[in-house]
Amino acid sequence: MDQPVRETIPELLRRNVSRELILAVEEALLVGAERAFAAARGMAQGHLAHVVGTMRHYHMNEAFHQALAVNGANPSPIRGSNIVTGTAGLFTVGRFNAKDKLWNNARRSQIRKQLSLANANIVPLVQTDLFGEYTPPAEGVFFFVTCFANSLRIQPEAPISIQIAVPDPAMR
């Protein structure tokens, strides 16, 4: 019995997500972060970190939405603090912000957890099942994770990195 050829996750992403979309999202997230920091300037030091974080969410969501729309990724509507998602090939695309090397808030969102359940068929690409049959993924989820410094004293206007994360169904 012949098994279908297993792809790697990077191959799956390259096949489904255009380079143009990735570059547009990267630029949008950088612009959104700059706008957020500019909008928070002048706030009292006691709640500046909270204001910057809130402004990052809204400004980066708007920029992300626009990048998805321009690249034909069918973004979900902007509505309050809802997560904006789009589609690229078989993937649903989302975004979130995190502190550098500390992604604790990634698993707090019930919506992100629910979205990541689609990656159940991607798990065998990382950890093969000796006795199970491989089924090529028909859907998946990945997130652009914008990582910021742990302190507003270090590069508060821009992310330290923007990463692509393909979580397992438990959002790890």
Side-chain angles (χ1 to χ4, degrees), residues 4-33 35-36 53-129 132-148 159-172:
V5 176
R6 294 176 195 256
E7 290 185 283
T8 65
I9 291 173
E11 289 168 349
L12 198 59
L13 287 166
R14 270 193 297 274
R15 189 166 50 85
N16 286 277
V17 184
S18 73
R19 183 177 194 274
E20 292 77 19
L21 176 63
I22 291 172
L23 294 174
V25 168
E26 178 184 32
E27 183 177 344
L29 295 177
L30 291 170
V31 167
R35 287 181 185 158
T54 301
M55 290 291 103
R56 282 177 182 162
H57 174 76
Y58 290 113
H59 283 277
M60 293 172 79
N61 256 4
E62 288 186 7
F64 181 62
H65 183 277
Q66 185 175 5
L68 293 173
V70 167
N71 286 278
N74 305 318
S76 60
I78 294 176
R79 191 171 298 124
S81 61
N82 286 357
I83 293 173
V84 173
T85 61
T87 56
L90 64 83
F91 284 100
T92 298
V93 183
R95 61 154 290 278
F96 65 89
N97 297 336
K99 297 216 178 190
D100 188 40
K101 297 181 179 121
L102 187 66
W103 293 12
N104 290 345
N105 67 341
R107 289 190 292 270
R108 281 193 315 206
S109 168
Q110 292 302 315
I111 293 171
R112 282 195 294 258
K113 283 182 185 177
Q114 185 178 8
L115 287 169
S116 69
L117 292 175
N119 285 349
N121 285 339
I122 293 177
V123 170
L125 298 178
V126 178
Q127 179 66 45
T128 58
D129 183 356
E133 286 196 31
Y134 172 69
T135 305
E139 63 179 344
V141 172
F142 77 89
F143 295 95
F144 287 95
V145 182
T146 313
C147 297
F148 289 91
I160 290 174
S161 68
I162 300 172
Q163 302 176 27
I164 292 177
V166 181
D168 72 0
M171 205 45 206
R172 291 185 298 249

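Given the structure is predicted, the values throughout are model-derived calculations rather than measurements.
- In this structure, the side chain of N121 does not engage the main chain of G140 through any donor-acceptor pair within 3.5 Å.
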Query raised in the report: Between F64 and V93, does a side chain to side chain contact (heavy atoms under 4.5 Å, CB included) hold up when you go through it step by step?
Result: CA-CA 10 Å; F64 181 62; V93 183; 3.9 Å; yes

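- Annotation: ring pair (Phe, Tyr, Trp, His ring centres under 6.0 Å) contacts involving residues 68-95, sequence neighbours excluded, comprise F91-F142.
- H65 contributes no side-chain N or O that, together with a main-chain N or O of P77, makes up a donor-acceptor pair within less than 3.5 Å.
- Using a distance-only test at 3.5 Å, with no hydrogens or angles considered, a donor-acceptor pair links the side chain of S76 to the main chain of T85.
- Here N82 contributes atom CG and H57 contributes atom NE2; the two are 8.0 Å apart, rounded to the nearest 0.5 Å.
- To the nearest 0.5 Å, atoms CD1 (I162) and OG1 (T146) are separated by 5.0 Å.
- Listed for the D168 side chain is a donor-acceptor partner under 3.5 Å among the backbone atoms of A170.
- Using a 4.5 Å cut-off on side-chain heavy atoms (C-beta onward), Q114 and M171 make no contact.
- Taken from CG in L125 to OG1 in T8, the straight-line distance is 7.5 Å, to the nearest 0.5 Å.
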Extract all donor-acceptor atom pairs below 3.5 Å that involve side chains of residues 13-21 and protein atoms in other chains or at least two apart in sequence.
residue, atom, partner, partner atom, Å
R15, NE, E7, OE2, 3.0
R15, NH2, E7, OE1, 2.6
R15, NH2, E7, OE2, 3.4
N16, OD1, L90, N, 3.1
N16, ND2, L12, O, 2.8
S18, OG, L21, N, 3.0

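- Separation of atoms CD1 (I164) and CZ (F144) is listed at 4.5 Å; rounding is to 0.5 Å.
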